[in-house]
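For reference, the structure discussed in these notes is given below.
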Amino acid sequence: MSSTPNVTRFAPSPTGHLHIGGARTALFCWAFARHTGGRFMIRLEDTDVARSSESSAVGILHDLAWLGLDWDDGPEYALDGKSFGGDERGVGPYRQSERLELYNEAIERLVESGAAYAAFESPEEISAARAEAVKRKQQYRYDRAALKIPADERARRVAAGEPHVIRFRTPDDAVEVEDVVLGTIRIEPEQLDDFVIRKRDGYPTYHFAVVVDDELMGVTHILRGQEHLINTPRHVMLQQALGYRTPEYAHMPLIFNDKGAKMSKRERDGAARDFCKQRGVSESPIPDRLAQDAFDAWKKDKKQQLEGDVLEALAEAVGLHLPEVSVDDFRRAGYLPEVITNFIALLGWNPGGDVEKFDMDFLASKFELGRIGKTNARFDRTKLMSFNGDFIAEMAAADFAGRLRAFMAAEFAHFDVRLKDTSFRLGEDDMGRIAAVVQPRSKTLVDACERLSFAFVDAADITYDDKAVKKNLEKNDGAGYGVLRDLLERFEALAASGGLTGEAGHTALQSYAEEKDIKLGNVAQPLRVALTGSTVSPGMDETLDLLGADEVLARMRRCLELQAASASRGS
RNA sequence: GGCCCCAUCGUCUAGUCAGGUCCAGGACGCCAGGUUUUCAUCCUGGAAACCGGGGUUCGAAUCCCCGUGGGGUCACCA
């Protein structure tokens, strides 16, 4: 066995949220490192100065940590008392913007040996030439015009500070790449031109930085998406020119959305746009945040993207659930990290046989590159939700309660406020039984919170669902109200003796139904509507317990008062 | 369009590398029935795929070729 451990890396560009496809790549890198006792490294590829941001970098690190992908080397980050990253191997820094001298050193070597050269065409000239080639239906390749300039003159112009890029002089031989997943890939030299390795602004391009860093940082295995397959020959050529090792490559299949298109932030705009068009939404649903003319322009232009929070506000206003794309989206939609990692691991990998529910330890113990698939996968949100619901149902009660409580603090602020408010009927101590009520029936944490919303409002603030009221209370000359009045009497009697518990209430319901010889549903549903405003709620005894005797009676009385008020208006 | 990659139920996939145990298995979804006071569950059953065509072989989902389809890529983005 080799004494040096395998090193994998996940190298995101901090230009936005962590995409679910990126998370899958990171997960496989992590799993391979853990399986082989190697190291998992994070590197931030921030050579695109204009689009990179520190907030994106922090967001990505947070998402990785939240998913449970602990990294050994890389930017330091702490979450929930655990810390990640560091520079134990002394191969940092881990931001490419802090490694410019390393790239420049390597570039100097290439220029000196003639393997790379300065070129002075402006971006405009290049794009014009490219447009010309496209017009002639030819593939554009740089014409090496700069090489016609004598080398000493090129050096003089560079020294004089003339703006230029550095291009790599592509060798004339075909390149073969051994890919662990796809086998041997051969690229003929005419497919590649003298690509830029250092931009006008002095930053290396991705192709160059990645090759230098992977060498200097001792990366042994490069796992990445298949969209990089064609880049690999470039990287191998650079490695050969620089005298570097060639690491093992494993290109993994891509993840698409349910329509077979690439999953992207744009998809969320598309979903909202289609929804607005279908529903004939002609006026901006959020005029104070999105002006009418901006709304119109966005609806017309399929390429236009709204700011994330504006888009979310719009979706909420029209009652649309946006498709999740980034890890952050899934977290806020109430998916659990264990489920997300389990599910995305299955997109392009599986342990063989019929096993498909597993945890990170299992993944780490079973993960092998040989079991990575070759075919692109579609992301099925319905199946993810099913997994999430199963996982929630099987969680230890205390664990679920803790997660739900944390989720409320992060995403359902008004629940959080009420739980901390000592005058409210529910408090922190009730969290266990609150969670227990929704645990078996919730698909996501958002689902759980929504199912609990009835318990966090005051009797006076309940909004009654019209359909529910008509069907269960008003129908048959207000038969439901009649039932409710009878039940109120019995419940009041129970309460007076201190016995209006969920169980007792439930029993009272059953005996009432038997006495009157009516279906239990015709008793329970009117009560359910009176207590929650809708036909959907947890079990009756649980609902009664959660509200407590006083609140139950208050809600029943208010419901009957509303009926009286509406009757007196003669409606 | 050039080049590269891929191809099993609607979807994720097992099986393919080492051809027979596969009239192709599992999961999600779907359909039908049942349980249930709502919701969510749960139970039973069902429909559902080896892209097409050649070839190799006693035998092919598995190997080869062609076609077709899908995807990727052709930036001073990564």
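Heavy-atom basis, side chains included; hydrogens, waters and symmetry copies ignored. Note on naming: letters A, B, ... go to the chains in the order of the sequence lines (proteins, then strands), and numbering restarts at 1 for each one.
Nearest to the side-chain atoms of A:Thr205 among the listed nucleotides B:C12, B:U37, B:A78 stands B:A78. Considering only side-chain atoms of A:Thr375, the nucleotide from B:U38, B:A75, B:C6 that sits closest is B:C6. Of all nucleotides listed (B:A78, B:G2, B:U37), B:A78 comes nearest to the side chain of A:His207. Ranking B:A40, B:C74, B:C4 by closeness to the A:Ile185 side chain, first place goes to B:C4. The side chain of A:Phe256 has B:G71 as its nearest neighbour among B:G71, B:C28, B:A40. When each of B:A75, B:C5, B:U37 is scored by its nearest atom to the side-chain atoms of A:Leu182, the top-ranked nucleotide is B:C5.
Regarding A:Asp193, its CG atom lies at a distance of 9 Å from the C1' atom of B:C74, rounded to whole Å. Straight-line distance from the CG atom of A:Asp179 to the P atom of B:C17: 20 Å, rounded to whole Å. Rounded to whole angstrom, the span from the CZ atom of A:Phe379 across to the C1' atom of B:G29 amounts to 15 Å. Whole-Å rounding puts the A:Arg200 CZ to B:A75 P distance at 17 Å. A:Gln138 has its CD atom 15 Å from the C1' atom of B:C3, to the nearest Å. Taking atom NZ on A:Lys374 and atom P on B:U8, their separation rounds to 12 Å, with Å as the unit. Atoms CZ (A:Arg371) and C1' (B:C12) sit 14 Å apart, rounded to a whole Å. In this structure, the CG atom of A:Leu509 is 11 Å from the P atom of B:U37, given to the nearest Å.
No donor-acceptor distance shorter than 3.5 angstrom exists from the side chain of A:Thr532 to the backbone of A:Val529, with no hydrogens or angles considered. Here the side chain of A:Ser442 pairs no donor or acceptor atom with the backbone of A:Gln439 at under 3.5 angstrom. At least one donor-acceptor pair under 3.5 Å links the side chain of A:Asp46 to the backbone N or O of A:Ser97.
Residue side chain A:Arg378 does not reach the base of B:C12 through any donor-acceptor N/O pair under 3.5 Å, judged by distance alone. A donor-acceptor contact under 3.5 Å links the side chain of A:Arg451 to the base of B:C39.
Residue contacts shown for A:His506 include a base, since a base heavy atom lies under 4.0 Å away. The residue A:Asn522 sits apart from the nucleic acid: no heavy atom pair falls under 4.0 Å. Note on A:Ser122: a base of the nucleic acid sits closer than 4.0 angstrom, heavy atoms only. Base engagement by A:His228 is indicated by at least one non-hydrogen atom pair under 4.0 Å involving a base atom. Residue contacts for A:Gly348: at a heavy-atom cut-off of 4.0 Å it reaches the sugar-phosphate backbone alone, with no base atom in range. If you check every strand for non-hydrogen atoms under 4.0 Å, A:Glu124 touches nothing. Within 4.0 Å (heavy atoms only), A:Ser386 reaches sugar-phosphate atoms of the nucleic acid but no base atom. Using a 4.0 Å heavy-atom distance criterion, A:Glu45 is classed as a sugar-phosphate-only contact. A:Arg186 comes within contact range of the sugar-phosphate backbone alone, with a heavy-atom separation under 4.0 Å but no base atom that close. Across all strands, A:Pro253 comes closer than 4.0 Å to no nucleic acid atom at all (heavy-atom distances). Among the atoms of the strands shown, base atoms are found under 4.0 Å from some heavy atom of A:Val165.
Of the two residues contacting RNA chain B, namely A:Arg528 and A:Gly183, the nearest-nucleotide position lying further toward the 5' end is that of A:Gly183.
Between A:Phe379 and A:Phe343, the distance from one ring center to the other falls under 6.0 angstrom.
With both ends at atom P, the span from B:U8 to B:C50 equals 11 Å, rounded to whole Å.
A ring-ring contact (aromatic ring centres under 6.0 Å, His included) with A:Phe367 holds for exactly one of A:Phe28, A:Phe358, A:Phe362; it is A:Phe28.
Geometric assessment of A:Arg167 against the ring of A:Tyr142 yields a positive cation-pi assignment under the 6.0 Å and 45° thresholds.
Side-chain contact between A:Tyr117 and A:Ile149: absent, with no pair of heavy atoms (C-beta onward) separated by less than 4.5 Å.
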